[in-house]
Protein chains: 2
Amino acid sequence: MARSQRRVLTHPEVGEVDLLDVLHALADPTRMTVVRTLRAEPERACGTFPVDVAPSTLTHHFRVLREAGVIRQREDGNLRWNTLRLDDLDARFPGLLDAIVTAYERQESAPGRSVEAAAQPH
Amino acid sequence: MARSQRRVLTHPEVGEVDLLDVLHALADPTRMTVVRTLRAEPERACGTFPVDVAPSTLTHHFRVLREAGVIRQREDGNLRWNTLRLDDLDARFPGLLDAIVTAYERQESAPGRSVEAAAQPH
DNA sequence: CCTCTCTTTCGACAAACATCGTACAACCGT
DNA sequence: ACGGTTGTACGATGTTTGTCGAAAGAGAGG
């Protein structure tokens with residue numbers, strides 16, 4: 001029995017995706033990086049993301065994103081490929097993901113903010 | 001010394017507002033209800049929101065929203081008035097709040113979803 | 001001054017969360 | 001069959017979070 005049958009990889013249906021879960025999934029720097037990376041490249045294996053956490057931690061983040069309906073995971077041999085569920089998300093929440101990621105990238109590229117925010121320890 | 005001087009009520013500046021904090025602030029049903037209510041009515045006192053939590057819990061949620069830069073709190077006599085910082089948020093993240101709240105209300109008014117989600121205990 | 005209302009602060013508590021190391025399972029080369 | 005690669009599962013840990021009740025502050029109105 002192949003791995004693709006053994007593990008289940010539960011994905012919520014489009015109509016089951018909960019906005020609050022999506023927001024929570026995106027409200028984490030590591031997961032936001034995953035989503036941003038996935039928006040630039042259509043499909044990527046788990047280990048190829050520019051994040052700096054332990055493998056097991058990364059697995060956790062991928063599960064959060066998948067169970068929130070943000071990404072889709074597909075197995076192929078030894079690798080697990082991740083794609084953004086952009087069509088599904090856009091069908092349920094038109095323009096939302098784009099608005100959020102755009103806002104994040106706008107913030108990241110804003111001059112002066114990161115300096116200020118780093119100075120004030122919040 | 002009046003109460004308005006005694007308590008500080010720290011609000012982040014527009015440039016200090018962090019998107020991830022905003023997302024986290026909105027990823028809670030109680031706080032989302034507060035924001036939705038505030039979007040319909042310009043200003044409202046703390047105790048007048050249609051939420052079902054203890055007063056101290058509500059205070060906590062208002063602080064989260066305020067420190068994330070989502071709402072502004074102003075004291076007047078015995079009451080604390082809350083407003084949405086829509087202009088500030090739109091200046092920093094154009095269209096974001098509207099996209100999120102619209103998505104939430106779309107979800108809430110979608111037929112069949114809440115039934116399904118309530119049946120499956122998540 | 002006294003009381004009532006609105007809201008906060010504090011302390012507590014259980015649940016959820018992000019993180020890691022270790023162990024393991026599946027697949028792919030050779 | 002063996003070793004390397006990729007990723008998961010599990011258990012542990014410290015932190016954050018949502019929740020509440022009790023106590024108290026500050027103003028309004030008698």
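The two residues A/P42 and A/T83 make their nearest non-hydrogen contact at O-CG2, 3.4 Å.
Backbone-only contact: A/V53 has heavy atoms under 4.0 Å from sugar-phosphate atoms and none from a base. Residue B/H60 is classed as a base contact, given a heavy-atom separation below 4.0 Å to a base.
OP1 or OP2 of C/dA18 sits under 4.0 Å from a side-chain N or O of A/R31. Contact between the side-chain N/O atoms of A/R63 and the OP1/OP2 oxygens of D/dT8 is not found at any separation under 4.0 Å.
Donor-acceptor pairing under 3.5 Å, judged by distance alone, is present between the side chain of B/S56 and the base of D/dG21. Taking only distance into account, the side chain of B/T57 never meets the base of D/dG18 through a donor-acceptor pair shorter than 3.5 Å.
Ranked by how close their nearest DNA chain C nucleotide is to the 5' end, A/H24 and B/G47 are led by B/G47. Residues A/D76 and A/A27 both approach DNA chain C. Their nearest nucleotides, taken by heavy-atom distance, put A/A27 toward the 5′ side.
Here the side chain of A/A45 is nearest to one of D/dG7, D/dG18, C/dC6, namely D/dG7. For B/L79, whose side chain is taken as the heavy atoms from C-beta onward, the closest listed nucleotide among D/dT8, C/dT7, C/dT5 is C/dT7. Considering only side-chain atoms of B/A54, the nucleotide from D/dG21, D/dG27, C/dC20 that sits closest is D/dG21.
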